[in-house]
Amino acid sequence: MAKIQMKTPLVEMDGDEMTRILWQMIKDELLLPFIDLKTEYYDLGLEYRNKTEDQVTIDSAEATKKYGVAVKCATITPNAARMTEYNLKEMWKSPNGTIRAALDGTVFRAPIQVKGIEPCVKNWKKPITLARHAYGDVYKNTEIKVPGAGRAELVFTAEDGTEIRETIHEFDGPGILQGIHNTDRSITSFARSCFSYALDTKQDLWFATKDTISKKYDHNFKDIFQDVFEREYKDKFDAAGLEYFYTLIDDAVARVMKTEGGFIWACKNYDGDVMSDMVSSACGSLAMMTSVLVSPDGVYEYEAAHGTVQRHYYKHLEGEETSTNSVATIFAWTGALRKRGELDQIPGLMEFADKLEKATLQTIEEGKMTKDLALITSCENVTVLNSQDFIRAIRETLESL
């Protein structure tokens, strides 16, 4: 059969460790035999990021703005141990954080549900998509270890020199302080990304904070969401038969446990971080979780929600066999290919993405899977496959469809 032709390149961001190995396997076995794959390649492996002083990450984000669709492998965010291991010039920032800031994007994560890997919450029939605001709050905090008694104040000094000053606490002994912030512009972008993605995926949208306690900080999120919805999206939601509603975060948690799923749950940065891990764990593992960064102006960057699988990589380097789950990385590629096909009006590319996802899930449902899934599946007569054989089994299924 003739390979599917592409018109516009995807931005391809290669990554680190075991996921980098899987990345190449997926391309060789599942993509290149079927697609005349066009990508603009960026090596976001830690060694090359160090060599370019992280310029390659910035360049990849700019390319994503240009082409509109990117696919990213998992990457290392270095700590002190990585500084020594990779002889780094400095402790480079998270590539995900750099790209999120450049695109002003929101992260949407959803579990990949498959027969035989049932959610712990038995009534979850459809995936719950977590929309995580990817700026500010505790991730951009300033902290002080208070040494002893004294007054802590929150001070804002305007450009004209005027001050707003509030007492935080009168300390009578040691303690701790934390200052967090966000911006109206970032919150507005978050809201627009959420409403646009809900329309794009035809799902209801929930938004939850704790505005009853945080009457200015969290309430500002609530007000901006409502304002953006009323001015820009209400008529579109009504026409699409979709619902937007706001609720308190504790009420949302209670409601989520009793729903069938199939909606988007928008959360502030920390809440989204925690709740996406809760949903993914309840549905199997982070290796069964899609993740897409969406900007307010419709730029998409697809990735796996998990890390670089360091432990398996060290085993791989020693020549040992690994059984590493590649599902989330495969779905990053299919998400990007489908969106590229949609934007460029290439039905064959969209159909291929659907077909590859179907083949991946069917392979698992037939009892052929990696070790992590074999430990939690309800399937009988399971065959545990190593990393490469699992991908090869998916290709066999794909060719049979």
Side-chain angles (χ1 to χ4, degrees), residues 77-80 90-94 96-107 109 130-194 206-230 245-256 265-279 296:
T77 299
N79 56 16
E90 64 178 83
M91 199 178 294
W92 305 110
K93 294 178 181 178
S94 159
N96 290 341
T98 298
I99 294 164
R100 287 169 191 165
L103 299 184
D104 195 19
T106 295
V107 180
R109 290 182 171 173
L130 260 294
R132 174 187 170 188
H133 189 205
Y135 175 80
D137 299 347
V138 70
Y139 301 88
K140 287 272 187 181
N141 70 3
T142 299
E143 299 177 321
I144 296 174
K145 181 84 170 166
V146 175
R151 176 184 298 163
E153 294 183 312
L154 189 63
V155 181
F156 171 76
T157 306
E159 286 184 343
D160 64 4
T162 58
E163 286 187 351
I164 301 173
R165 185 180 294 266
E166 295 283 349
T167 298
I168 298 170
H169 187 64
E170 296 278 358
F171 283 89
D172 58 8
I176 46 175
L177 282 168
Q178 181 183 79
I180 62 172
H181 81 281
N182 225 293
T183 68
D184 285 5
R185 185 173 72 174
S186 180
I187 299 166
T188 301
S189 293
F190 174 39
R192 286 184 177 134
S193 293
C194 290
W206 299 14
F207 180 47
T209 71
K210 191 69 171 175
D211 67 287
T212 52
I213 301 300
S214 179
K215 298 181 188 298
K216 293 180 181 177
Y217 197 101
D218 280 24
H219 212 296
N220 197 46
F221 277 82
K222 176 184 178 182
D223 291 344
I224 288 174
F225 260 73
Q226 192 63 39
D227 181 59
V228 170
F229 178 68
E230 295 288 346
F245 78 93
Y246 172 85
T247 187
L248 292 171
I249 186 71
D250 39 352
D251 180 48
V253 171
R255 286 175 179 243
V256 160
W265 180 10
C267 293
K268 289 166 55 195
N269 208 346
Y270 177 76
D271 295 340
D273 190 1
V274 174
M275 295 306 170
S276 64
D277 280 357
M278 179 197 73
V279 170

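Residues take their numbers from the sequence shown, with the count starting at 1. Here the structure is a predicted model, which means the values were calculated and not measured.
Here S193 pairs with nothing under the side chain to side chain donor-acceptor pair (under 3.5 Å) rule; sequence neighbours left out. Evaluation of the side chain to side chain donor-acceptor pair (under 3.5 Å) rule for D160 yields T162 as partners, not counting sequence neighbours. Contacts of S276 classified as side chain to side chain donor-acceptor pair (under 3.5 Å), with partners at least two apart in sequence or in another chain: none. The salt bridge (charged side-chain N to carboxylate O under 4.0 Å, His left out) test applied to E159 returns no partner, not counting sequence neighbours. Residues passing the salt bridge (charged side-chain N to carboxylate O under 4.0 Å, His left out) test with D277, sequence neighbours excluded: none. In this view, R109 satisfies the salt bridge (charged side-chain N to carboxylate O under 4.0 Å, His left out) rule with no residue, not counting sequence neighbours. Y270 pairs by the side chain to side chain contact (heavy atoms under 4.5 Å, CB included) definition with V138, Y139, V274, not counting sequence neighbours. Residues passing the side chain to side chain contact (heavy atoms under 4.5 Å, CB included) test with E143, sequence neighbours excluded: N141, Q178. With sequence neighbours left out, D223 forms a salt bridge (charged side-chain N to carboxylate O under 4.0 Å, His left out) with no residue at all. Applying the side chain to side chain contact (heavy atoms under 4.5 Å, CB included) rule to D137 yields the partners N182, Y217, F221, K268, N269; only residues at least two apart in sequence or on another chain are considered. In this view, T157 satisfies the side chain to side chain donor-acceptor pair (under 3.5 Å) rule with no residue, not counting sequence neighbours.
Here the closest heavy-atom approach between residue G173 and residue V146 is recorded as O-CG1, 4.3 Å. Here the closest heavy-atom approach between residue F171 and residue A152 is recorded as CE1-CB, 3.8 Å. Closest heavy-atom contact between G105 and A134: O-CB, 3.7 Å. When all heavy atoms of R132 and F190 are compared, the closest pair comes out as C-CE1, 4.0 Å. Taking each heavy atom of P174 and P147 in turn, the nearest pair found is CG-O, 3.5 Å. Between A252 and W206, the shortest heavy-atom contact is O-CZ3, 4.0 Å.
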I'd like to know whether C194 forms a side chain to side chain contact (heavy atoms under 4.5 Å, CB included) with F225, so could you lay out the CA-CA distance, the side-chain angles of the two residues, the decisive distance to 0.1 Å, and finally the verdict.
CA-CA 9 Å; C194 290; F225 260 73; 4.2 Å; yes
Are V253 and M275 close enough, and set up right, to give a side chain to side chain contact (heavy atoms under 4.5 Å, CB included), and what steps lead you there?
CA-CA 9 Å; V253 171; M275 295 306 170; 3.6 Å; yes
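Here the NZ-CG distance, from K210 to D218, works out to 9.5 Å after rounding to the nearest 0.5 Å. Taking OG1 of T247 as the reference point, atom CG of D211 lies at 9.5 Å (rounded to 0.5 Å). Atom CD1 of residue I213 and atom CG of residue L248 lie 9.0 Å apart, to the nearest 0.5 angstrom. If you take NZ on K222 and OG1 on T212, they are separated by 9.0 Å, rounding to the nearest 0.5 Å. For the atom pair CD1 of I249 and SG of C267, the computed distance is 4.5 Å after rounding to the nearest 0.5 Å. Here the straight-line distance linking atom OG1 of T167 with atom CZ of R165 works out to 8.5 Å at 0.5 Å rounding.
Side-chain contact, H133 with S186: a donor N or O sits under 3.5 Å from an acceptor N or O.
Residue pairs that meet the salt bridge (Lys or Arg N to Asp or Glu O under 4.0 Å) test with at least one member in residues 179-192, sequence neighbours left out, are R192-E232.
Here the side chains of R100 and Y135 are not in contact, with every heavy-atom distance at 4.5 Å or above.
Within a 6.0 Å sphere centred on CD1 of I144, heavy atoms belonging to other residues, nucleotides or ligands number 12 at most. Surrounding CG of D172 are at most 12 heavy atoms belonging to other residues, nucleotides or ligands under 6.0 Å away.
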